[in-house]
Amino acid sequence: MKEKVKEIMSELGFIISELSENVYGFEFERLQCLMMFNSNDEKYVQFCVPCLVERNEVDDADFNKLKEYLNCELKYVKCYEIGDGLSLFYERYLDSETGLENVIRHVINWLACGALEAHKQIQSVKNEKSEEE
């Protein structure tokens, strides 16, 4: 399935760069993304927008509220704290090649929408803090 997904990504116009054996990078609308495959289950794929905001950019309470908000409000997309930042993930089990192109489009669009909403919320938190000062 990994090769089929890579093929479809190329057909959709994405330039895929291999970062390691099961990790690939690509760009969508100036958004740096990752595509990762599970070495034990090639039908399982994760798409990621890494490090949308670093912990030191906002205070701890706002960082945690942002993570909670994104996980409650976003459909399909989930936010995880990886290292010192928040990253968005869309995880999918690809059980069939039928309609795979539409599935991949759906995944990437939802991930991009999630990143847009995350950036809006990050900016909102920063604006509130600057108004308080």
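The first residue of the sequence shown is numbered 1, and numbering continues consecutively from there.
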Measure the spacing between CD1 of I16 and CD1 of I8 and express it to the nearest 0.5 Å. 11.5 Å
Once rounded to the nearest 0.5 Å, what's the spacing between atom CG of L111 and atom CZ of F28? 9.5 Å
Hydrophobic cluster (4.5 angstrom, side-chain heavy atoms) - remaining members for M36: L19, V23, L34, Y80, I82, F89
For the side chain of E42 and the backbone of K2, is there at least one donor-acceptor N/O pair under 3.5 Å apart? yes
Below 4.5 Å, heavy atoms only, C-beta onward: do L100 and V5 meet side chain to side chain? yes
Within the distance-only criterion (no hydrogens, no angle test), does the side chain of D62 pair as donor or acceptor with the backbone N or O of V58 below 3.5 angstrom? no
Heavy atoms only: give me the nearest W110-K75 pair and the separation to one decimal. CE3-O, 3.7 Å
Validation row: L70, V77 side chains within 4.5 angstrom (heavy atoms): no
K6 side, atom NZ; E11 side, atom CD - distance, nearest 0.5 Å: 13.5 Å
Tell me the closest heavy-atom pair linking S87 and C51, and the distance in Å. OG-N, 2.9 Å
Let me check something: do M9 and Y44 share a hydrophobic cluster, defined by ILVMFWY side-chain heavy atoms less than 4.5 Å apart, either directly or through other members? no
Do E117 and E73 have side chains that get closer than 4.5 Å, going by heavy atoms? no
Contact summary for V49 and L52, nearest pair of heavy atoms: CG1-CD2, 3.6 Å
Decide if atom CG of N64 counts as having more than 12 heavy atoms of other residues, nucleotides or ligands within a radius under 6.0 Å. yes
Expected output: side-chain E57 to main-chain E54 donor-acceptor under 3.5 Å: yes
When you measure from the side chain of N71 to the backbone N and O of C79, does any donor-acceptor pair fall under 3.5 Å? yes
Going by heavy atoms in the side chains, are V45 and Y93 under 4.5 Å from each other? no
What distance separates E29 CD from N109 CG, expressed to the nearest 0.5 Å? 9.0 Å
Flag the pair K65 and E68 as a salt bridge only when some basic side-chain nitrogen lies within less than 4.0 angstrom of an acidic carboxylate oxygen. no
Run the ring-centre check on F26 versus F14 and record whether the distance is less than 6.0 Å. yes
When rounded to the nearest 0.5 Å, the distance separating CZ of R105 from CG of L12 is 5.0 Å
What's the spacing between K43 NZ and R92 CZ if we round to 0.5 Å? 13.0 Å
Indicate the atoms forming the closest heavy-atom contact of P50 with C33, along with that distance. CD-CA, 4.5 Å
Residue pair Q121 / L66: nearest heavy atoms and the distance that separates them: CB-CD1, 3.5 Å
Does some side-chain heavy atom of I15 sit less than 4.5 Å from a side-chain heavy atom of E27? no
For the residue pair F63 and G85, what are the closest heavy atoms and their distance? CZ-C, 4.1 Å
Salt-bridge contact R55-D60 (side-chain N to carboxylate O under 4.0 Å): yes
Y90 pairs by side-chain hydrogen bond (donor to acceptor under 3.5 Å, both in side chains) with which of H106, Q46, K78? H106
Does a side chain donor of either E91 or Y76 reach within less than 3.5 Å of an acceptor in the other side chain? no
Treat each ILVMFWY residue as a node, draw an edge where side-chain heavy atoms are under 4.5 Å apart, and state whether L31 and I104 are in one component. yes
